[in-house]
Amino acid sequence: KEFLLEISGTTVTITCPLTEGSIVWDLGGTKPASNERKYVIENHDSSPTNVACSSGSKKYQMYLNARVCTNCEELDALTVTGIIIADILITFGVLILVYYFSKDRKGRAGAGGRQRGQKMQRPPPVPNPDYEPIRKGQREVYAGLESRGF
């Protein structure tokens, strides 16, 4: 048997698995005055606590670590499923649009631009000023550089 736990906003409802007898609750060392099977905690502060319910010699314990919030909205499974499916459909729609427009742009650029098969000649590289070719009239700059015989 297990505890039944219901959370709605900041209200936590705990149902004890015991069905007969007078039920005594123990919440982290404090004993509330409730003797019913269900115990309701209003304005729970999300602090972890030990919860126990007992009747006669039978005792059940549970560690309660429930996170609650005041501004939370509860969504059922159908709404969450709908949101996920809508997100996937929108994503696929954007992918199809991007594919369609990129395919169209590639076709137009190939017809009007240069052909892929042709190789255009590249211009010669920009000369480096440190290695200029010897020109007529500038031989004296390089006169000290004579070839050596090995």
Side-chain angles (χ1 to χ4, degrees), residues 1-136 138 141-142 145:
K1 294 184 178 183
E2 296 178 345
F3 283 93
L4 178 64
L5 187 66
E6 299 171 30
I7 301 171
S8 177
T10 58
T11 304
V12 178
T13 305
I14 306 167
T15 305
C16 184
L18 297 170
T19 54
E20 68 275 342
S22 177
I23 296 174
V24 178
W25 288 95
D26 182 10
L27 294 168
T30 61
K31 298 193 180 219
S34 176
N35 289 337
E36 296 180 16
R37 188 168 177 231
K38 284 189 176 186
Y39 181 72
V40 179
I41 304 172
E42 296 284 338
N43 298 322
H44 183 59
D45 59 355
S46 297
S47 61
T49 183
N50 289 316
V51 177
C53 67
S54 59
S55 177
S57 62
K58 292 184 180 180
K59 184 175 184 180
Y60 288 92
Q61 293 182 335
M62 168 180 78
Y63 180 72
L64 177 65
N65 190 9
R67 302 258 180 209
V68 297
C69 62
T70 55
N71 302 353
C72 295
E73 290 290 329
E74 295 183 31
L75 297 175
D76 58 338
L78 186 62
T79 305
V80 173
T81 305
I83 291 171
I84 292 171
I85 290 174
D87 184 34
I88 290 172
L89 290 176
I90 290 171
T91 303
F92 279 135
V94 169
L95 286 173
I96 290 170
L97 286 173
V98 168
Y99 174 74
Y100 174 74
F101 284 116
S102 68
K103 181 179 173 185
D104 190 33
R105 181 176 297 166
K106 189 190 302 180
R108 279 187 276 143
R114 65 181 175 107
Q115 297 292 328
R116 265 188 168 231
Q118 291 179 342
K119 288 191 176 183
M120 298 181 69
Q121 290 183 354
R122 293 186 179 184
V126 177
N128 188 342
D130 293 336
Y131 301 102
E132 289 185 22
I134 300 175
R135 295 189 194 117
K136 290 181 181 177
Q138 290 184 340
V141 176
Y142 301 102
L145 303 174

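In this structure, the side chain to side chain contact (heavy atoms under 4.5 Å, CB included) partners of Asn50, at least two apart in sequence or on a different chain, are Tyr63. With sequence neighbours left out, Thr10 forms a side chain to side chain donor-acceptor pair (under 3.5 Å) with Asn43. By the side chain to side chain contact (heavy atoms under 4.5 Å, CB included) test, Glu42 pairs with Thr11, Val40, sequence neighbours left out.
Residues Arg37 and Ile23 come closest through the heavy atom pair CA-CD1, 3.6 Å. Looking at every heavy atom in both residues, Asp45 comes nearest to Ser47 through OD1-OG, 2.7 Å. Residues Asn65 and Ser46 share a closest heavy-atom pair of OD1-O, 4.4 Å.
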Step-by-step side-chain contact (heavy atoms from CB on, under 4.5 Å) determination, Leu64 to Leu27:
CA-CA 10 Å; Leu64 177 65; Leu27 294 168; 5.9 Å; no

Taking distance alone, no hydrogens or angles, what donor-acceptor pairs closer than 3.5 Å link side-chain atoms of residues 76-88 to residues at least two apart or in another chain?
unit_1, atom_1, unit_2, atom_2, d
Asp76, OD1, Thr79, N, 3.4
Asp76, OD1, Thr79, OG1, 2.4
Thr81, OG1, Ala77, O, 2.7

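Around CD of Glu36, the count of heavy atoms belonging to other residues, nucleotides or ligands within 6.0 Å does not exceed 12.
Between Ile7 atom CD1 and Ile14 atom CD1 the span is 9.0 Å, to the nearest 0.5 Å. Interatomic distance, Leu18 CG to Phe3 CZ, rounded to the nearest 0.5 Å: 8.0 Å.
Counting only residues at least two apart or on different chains, the ring pair (Phe, Tyr, Trp, His ring centres under 6.0 Å) pairs with a member in residues 7-62 are Trp25-Tyr39. Within the structure, disulfide (SG to SG under 2.5 Å) pairs that include any residue of residues 31-67 comprise Cys16-Cys53 (at least two apart or interchain).
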